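Chain naming here is simple, since letters A, B, ... match the order of the sequence lines and numbering starts at 1 in each. Bear in mind the structure is a predicted one, so any value in this text is a computation, not a measurement.
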2 protein chains.
Amino acid sequence: MNRLTIGLKQAGLRLTPQRVAICKILAESKDHPTAMMIYHQLLPQFPTLSLATVYKTLNVLKSMGLVHTLGDAGDGAEHFDADLTPHINLVCVRCNSVVDFDEGLIHAVQQAVEQRSGYEIQGARIVYYGLCPQCRVNGTAKQQESAQ
Amino acid sequence: MNRLTIGLKQAGLRLTPQRVAICKILAESKDHPTAMMIYHQLLPQFPTLSLATVYKTLNVLKSMGLVHTLGDAGDGAEHFDADLTPHINLVCVRCNSVVDFDEGLIHAVQQAVEQRSGYEIQGARIVYYGLCPQCRVNGTAKQQESAQ
DNA sequence: TTTGCTTCAGAAAATGATTTTCCATAGGAG
DNA sequence: CTCCTATGGAAAATCATTTTCTGAAGCAAA
Ligand SMILES: [Mn+2]
Ligand SMILES: [Mn+2]
Ligand SMILES: [Zn+2]
Ligand SMILES: [Zn+2]
């Protein structure tokens, strides 16, 4: 029973096994999964699970503000983040990984935005993208996708 | 002749009228347009313009690092930003507007990420989303932007 | 338990933004 | 002018995401 399932219940939605499982993955994973990733991770446990169910649940959670979306990470799919605290996400455009990065300054930034923008802030999408350390190393002899 | 067209030329690409026009819109607009917005804006000038041409050009510019993408703003389309300097973008999830927000702290954040992450940073996507002041005033009514 | 109403998951079809394919042509090099 | 490659545009394809439809639960009252 985590923050997400509690939120669903408080909204009057039924806590079906599928929804609970999706919430569990979101709450426990640190890899900012896509709908497809969650689907494949749950398929062994729910052989008849439908991708539509995953998408529907994710959309419910998002519309309730219980999860954020980071946009695509070079793989053409939406990545979800259940960590609502202000933080930086690092995207590697080669291996499409998404990891968190701790930087205290970001809290002050969020406060500045909330106080000075006049917006009713609902969430943030703070992403820096580039090459992760591992892909930088492998990149010295990397695949050049230009010119033939 | 702006930074974008210069970049295209230096890359050995031809400066066709379509590409120049697309670069001009990107360099001069502050509204973070989508491919569709650019297409409609240029249609009077180029009646035979194809959306595919717009997408192709945008992808070239992006792959060269001359523009950034902010992800969707609630309208299901990718928004482009030609301003590469570190800055905050404010998205209104109701009217789907995207505006810049000046906050000096963000420069320090970028420096911290570059120095401590180990990543080869190529760009950033810093977006706060919520309701803009105007949409806040207009209350909970939906689809208020295009009034009758 | 039975009845009646509502919600849900899943399969399939639809949607729509973006990409790809194909081809006639423009334009640079020689 | 003649080759040759890069380009724009029309149309088709792709593919992540959404919607539709339907039978099966869940739930509560009798
Ligand atoms: Mn995160
Ligand atoms: Mn901007
Ligand atoms: Zn990587
Ligand atoms: Zn607004």
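For residues 56-91 of chain B, the pairs satisfying ring pair (Phe, Tyr, Trp, His ring centres under 6.0 Å) are A/Tyr129-B/His68, with sequence neighbours left out.
Neither OP1 nor OP2 of D/dA16 sits under 4.0 Å from any side-chain N or O of A/Thr34. Applying the 4.0 Å criterion to OP1 and OP2 of D/dT18, one finds that A/Tyr55 has every side-chain N and O outside that range. Between A/Thr16 and C/dA9, a side-chain N or O to OP1/OP2 separation shorter than 4.0 Å is present. For the pair A/Asn59 and D/dT17, the criterion of a side-chain N or O lying under 4.0 Å from OP1 or OP2 is not met. An OP1 or OP2 oxygen of C/dG10 is reached within less than 4.0 angstrom by a side-chain nitrogen or oxygen of A/Thr53.
Counting all heavy atoms, side chain and backbone alike, A/Gly7 lies closest to A/Met64 at O-CE, 3.3 Å.
Taking the nucleotide of DNA chain D with the nearest heavy atom to each of B/Pro47 and B/Arg19, the more 5' of the two is matched to B/Arg19.
Residues B/Ile88 and B/Tyr128 form a side-chain contact, since some pair of their non-hydrogen atoms from C-beta on lies under 4.5 Å apart. No side-chain heavy atom of A/Val20 sits under 4.5 Å from any side-chain heavy atom of A/Thr16.
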>> Output one letter per nucleotide in nucleotides 24-30 of chain C: B when a protein non-hydrogen atom lies under 4.0 Å from the base, S when only the sugar-phosphate is that close, - when neither is.
In response: -------
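Distances from the side chain of B/Gln18 to the nucleotides D/dT20, D/dA16, D/dG9 place D/dG9 closest.
Here A/Leu58 contributes atom CG and A/Thr53 contributes atom OG1; the two are 10.5 Å apart, rounded to the nearest 0.5 Å.
When heavy atoms are screened at a 4.0 angstrom cut-off, B/Thr48 is found touching the sugar-phosphate backbone but no base atom.
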